[in-house]
Amino acid sequence: MSNSVHVYDARADHATVTAESPLAYSYQRSGMPAPGEASGEKSRAVIGERAFLGHLILRGGAIVLDEALREVLGIGLPGRPNSLTVDADGQRSVQWLSPDEWLLIVPGDETFGLETRLRAHLGEAHVAIVDVSAGQTLIELSGEAAHEVLMKSTVYDVDPHAFTVGTGVTTLFAKTNVILRRPDESRWELIVRRSFADYVYRWLLDAGEEYGIGVARESRHESQ
Amino acid sequence: MFHIYCPYCEELREEEEFHPKGQAHIARPEEPDACNDEEWGDYLFFRDNPRGIHHEMWLHAVGCRKFFNITRNTVSYEILETYKMGEQPTITAEHLAREEKTAREEKTDSAQVAEGGQQTVGASDAAVASIKGAQA
Ligand SMILES: [Zn+2]
């Protein structure tokens, strides 16, 4: 079966085109208010994009995928619905999306190697692995009022006491949907579709205005 | 705010995340080629429209994106239970009708059970309420 699956490295070395984040256009068009700049005071909410991560969708039986993932990556599938497992250094995570579907996020340059090793380990098992890295991006939201920005935006209960660290859900956000998760005490992560990234970004800027929202400047370009 | 329990997410979620998908437990004919037009037409196009208990498929569209079943009272709109695909309902119209009958026999001094006036196999609201109470 694995022979008939066409697997290729989406970040092959020979690619000479500079990758742009799905938000590249938005940063130019809607601006990037620096944290603390707008009001002259400290921003109570801060946006930061983590572009170019590797996003893999795993589908199949929990037992076989869990075993393969433990072997290859050293972390297992989260056992409960709506939960998230993060590895020791916080760079790799697996999230429950549905009873037979998980989202695996790793540093971008690990994606192809990981997919290859997972496929090798899974052999003929009835599973699917899809690299969706190019289809979505990850937006971080931090700051003391981050959950208040979320409360204005989603129907899900994002009270920090209810939405504990290690929770991750797919839910409505403004007029679109996002994958919303909380990897640690200080950060929330929104995984948005590429085509909705601009909308979500502008929504966050607008919703966060009263908290003096700012955008942390991170590496926005990836030379390949 | 109106919440529906998703049996896969194992929690109550906002109604906006769901879509109704019509009558549940419709079995595809074992041998489609052997069906006459009426049987095949029934299977494809004709659906029940009961007053009272109805079993429906719903989709957790913005969520786990799984289909599941809901037992719902079409008179009160009350959701009586949700259960996974492949499972059978624990609350049915027949079940409620039976409960109601038993209740009626027990309470011989009449007028205890209100007539629901439900046309099909549905049970009265009173019986529904008593089942709900018994489950809680
Ligand atoms: Zn669900």
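Each chain gets a letter, A, B and so on, in the order its sequence line appears, and its residues count up from 1.
To the nearest 0.5 Å, atom CG of residue A:L172 and atom CZ of residue B:R13 are 9.0 Å apart. Once rounded to the nearest 0.5 Å, the distance linking OG of A:S98 with CZ of B:R65 reads 6.5 Å. In this structure, CD on B:E11 lies 10.0 Å from CZ on A:R80, to the nearest 0.5 angstrom.
Within 6.0 Å of OH in B:Y43 there are more than 12 heavy atoms belonging to other residues, nucleotides or ligands. Around CZ of A:R187, the count of heavy atoms belonging to other residues, nucleotides or ligands within 6.0 Å exceeds 12. Residue B:F45 places its CZ atom among 12 or fewer non-hydrogen atoms of other residues, nucleotides or ligands, all under 6.0 Å distant. For B:D37, the CG atom sits in a loose shell: 12 or fewer heavy atoms of surrounding residues, nucleotides or ligands are nearer than 6.0 Å. Counting non-hydrogen atoms of neighbouring residues, nucleotides and ligands closer than 6.0 angstrom, the CD atom of A:E209 reaches no more than 12 such neighbours. In B:H3, the NE2 atom is crowded: over 12 heavy atoms of neighbouring residues, nucleotides or ligands sit closer than 6.0 Å.
Of all residues spanning residues 55-67 of chain A, those with a heavy atom less than 4.5 Å away from chain B's heavy atoms are A:R59, arranged by number. When the heavy atoms of residues 145-162 of chain A are compared with those of chain B, the residues falling under 4.5 Å are A:V155, A:Y156, listed by number.
Top candidate by heavy-atom pairs under 4.5 Å with chain B, chosen from A:D100, A:V169, A:T170, is A:T170.
Residue A:L97 touches chain B through its backbone alone, counting heavy-atom pairs closer than 4.5 Å. Only the side chain of B:E14 comes within less than 4.5 Å of a heavy atom of chain A; its backbone N, CA, C and O stay farther away.
Minimum heavy-atom separation, B:Y8 to A:P99: CD2-CG, 3.4 Å.
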